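Here the structure is a predicted model, which is why all the values come from computation and not from measurement. All values below come from the heavy atoms of this structure, side chains included, with hydrogens, waters and symmetry mates left out.
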Amino acid sequence: MIIGKNAAREWKGYGLALLLTVGMIGLLETALRVTGTAEPRRYFPELFSQTNWGDFAAGLETREYDRNGAHFRFTTNKWGLRTTGSEMENPRKFLLALGDSFTLGVVDDTGTYPYQLQCLLEPRAIQVLNAGFYGFTLEDEVSFLEEKLGLFKPDIVVLGYCRNDISDYAPFWRQSFRRHGRGNWREKQLLRNTLKQNSHLISLAKKVKVSVTGRRLKSSGQRNVAFDISREQAQAIAISPTERATYQSYYARDFEKLMALSRRHGITLLPVIFPSLGMMKDGETNPDGNFLDSLFHSHNLPYLDLEADFRGEEPESLFIVGDGHPSGRGNAIAADAIRRALHNLGYLPSASEL
């Protein structure tokens with residue numbers, strides 16, 4: 001009987017301690033929220049609820065965050081694509097901008113290159129659609145186009161390429177971002193990411209940990225790639241020449257599918273190569289430049305390399321600092337260069353068609 005009472009007292013004490021701990025955590029979380037301290041840096045939270053990668057809800061209006069924690073407005077149209085502003089009743093042509101986050105954009109709606117391209121082409125009655133999605137490789141883009149052809153019926157497809165399009169064929173990134181399903185890694189991270197995206201207390205703890213770790217590494221002279229180089233650079237270092245050649249063969253395979261799809265449906269295709277901040281700032285070369293040039297020429301396909309158009313500008317003005325995606329200014333230059341390329345190649349309606 002005494003043993004039972006002691007056990008009950010112990011459990012009561014444990015319960016009281018648990019309640020006090022939960023209460024303290026709740027008070028700290030509330031205090032941080034009220035003061036606005038350590039607001040969580042949420043990266044594209046709506047994506048973590050997607051069961052089919054690359055299908056946004058129609059009419060979505062939300063506030064998204066870049067890697068610096070700065071927010072930007074993100075709105076979708078009736079097709080479930082990121083808005084390009086105007087939705088024409090009877091456009092002469094449909095232009096589909098196909099790509100990953102460089103195409104989708106991590107700037108306000110009006111700052112993306114498809115939105116700015118729409119503004120430039122609207123007098124020609126061309127409807128531009130933004131079909132960019134985070135983490136897409138060409139495999140995903142071809143899959144998306146095949147599935148949505150009946151809905152969009154594009155006359156022109158602008159295919160965006162950025163530096164991680166080849167390295168994202170690596171197994172870890174394919175499992176993480178592949179279009180149909182989120183992958184085991186993403187499923188396992190769902191609870192953790194939900195807490196990271198919503199708890200100010202966890203955000204504060206993470207900031208303290210990063211700060212302490214960064215100072216320790218700096219004082220010790222050690223180097224941690226997570227602190228001083230971009231994801232694209234880290235991938236370039238991690239991938240061997242043999243692996244890169246393999247992933248290039250995957251890209252070539254999927255490009256063949258895209259070409260066949262384009263020919264079958266009478267789609268005009270314009271590949272566009274986006275440079276990286278490292279190329280503009282540090283003189284790096286595109287490790288896939290020769291491969292892409294050979295691939296496009298093998299199909300007698302003109303393409304646009306934006307590196308020359310980006311030259312002469314301050315690199316930091318063209319990219320989001322600390323993030324690596326094109327800024328509103330970088331997207332504006334891209335939109336104008338694409339408009340000129342479409343015009344020079346005769347892909348736009350002639351004056352008699354207007």
Residue list, salt bridge (charged side-chain N to carboxylate O under 4.0 Å, His left out) with Asp155, at least two apart or on another chain | none
Under the side-chain hydrogen bond (donor to acceptor under 3.5 Å, both in side chains) rule, collect the residues that match up with Glu141, sequence neighbours excluded.
-> none
Do Ile273 and Glu307 come within less than 4.5 Å of each other through their side chains, counting heavy atoms only?
-> no
Establish, from distance only, whether the side-chain atoms of Thr137 and Asp140 form a donor-acceptor pair under 3.5 Å.
-> yes
Under the side-chain contact (heavy atoms from CB on, under 4.5 Å) test, which residues partner Lys153, sequence neighbours left out?
-> none
If we only count heavy atoms from C-beta on, is the Arg92 to Gln127 side-chain gap below 4.5 Å?
-> no
Can you label the angle between the His325 ring and the Phe102 ring as parallel, tilted or perpendicular, going by 30° and 60°?
-> tilted
What residue pairs, at least two apart or across chains, pass salt bridge (charged side-chain N to carboxylate O under 4.0 Å, His left out) with a residue in residues 254-272?
-> Asp254-Lys257
Just grab all the side-chain hydrogen bond (donor to acceptor under 3.5 Å, both in side chains) pairs involving residues 265-278, residues at least two apart or on different chains.
-> none
Can you run down the salt bridge (charged side-chain N to carboxylate O under 4.0 Å, His left out) pairs that involve residues 97-106, sequence neighbours left out, and say none if there aren't any?
-> none
Give the minimum heavy-atom separation between Phe310 and Ala334, together with the two atoms involved.
-> CE1-N, 4.3 Å
If we only count heavy atoms from C-beta on, is the Val158 to Leu96 side-chain gap below 4.5 Å?
-> no
Can you find a heavy atom in the side chain of Ile267 that is under 4.5 Å from one in the side chain of Ile156?
-> no
Can you run down the salt bridge (charged side-chain N to carboxylate O under 4.0 Å, His left out) pairs that involve residues 324-336, sequence neighbours left out, and say none if there aren't any?
-> Glu313-Arg329, Asp336-Arg339, Asp336-Arg340
Only counting residues at least two apart or in another chain, list the ones meeting ring pair (Phe, Tyr, Trp, His ring centres under 6.0 Å) with Tyr161.
-> none
Who passes salt bridge (charged side-chain N to carboxylate O under 4.0 Å, His left out) against Glu146, sequence neighbours left out?
-> none
Contact check, side chains of Phe74 and Leu104, non-hydrogen atoms, under 4.5 Å | yes
So Trp79 and Phe94, would you call those rings parallel, tilted or perpendicular, with 30° and 60° as cut-offs?
-> perpendicular
Any side-chain heavy atom of Leu117 within less than 4.5 Å of one from Leu95?
-> yes
Should Tyr113 and Val272 count as side-chain neighbours, where that means a heavy-atom distance under 4.5 Å?
-> no
Only one of Thr76, Thr83, Thr75, Thr84 passes side chain to side chain donor-acceptor pair (under 3.5 Å) with Asp109, and that residue is Thr75
Go through the structure and list residues passing ring pair (Phe, Tyr, Trp, His ring centres under 6.0 Å) with Tyr303, not counting sequence neighbours.
-> Phe296
Under a 4.5 Å cut-off applied to non-hydrogen side-chain atoms, are Tyr247 and Asp168 in contact?
-> no
Do Glu29 and Ser199 have side-chain N/O donor and acceptor atoms under 3.5 Å apart?
-> yes
Who are the salt bridge (charged side-chain N to carboxylate O under 4.0 Å, His left out) partners of Glu122, not counting sequence neighbours?
-> none
Residues at least two apart in sequence or cross-chain that pass ring pair (Phe, Tyr, Trp, His ring centres under 6.0 Å) with His343, listed by chain then number, are none
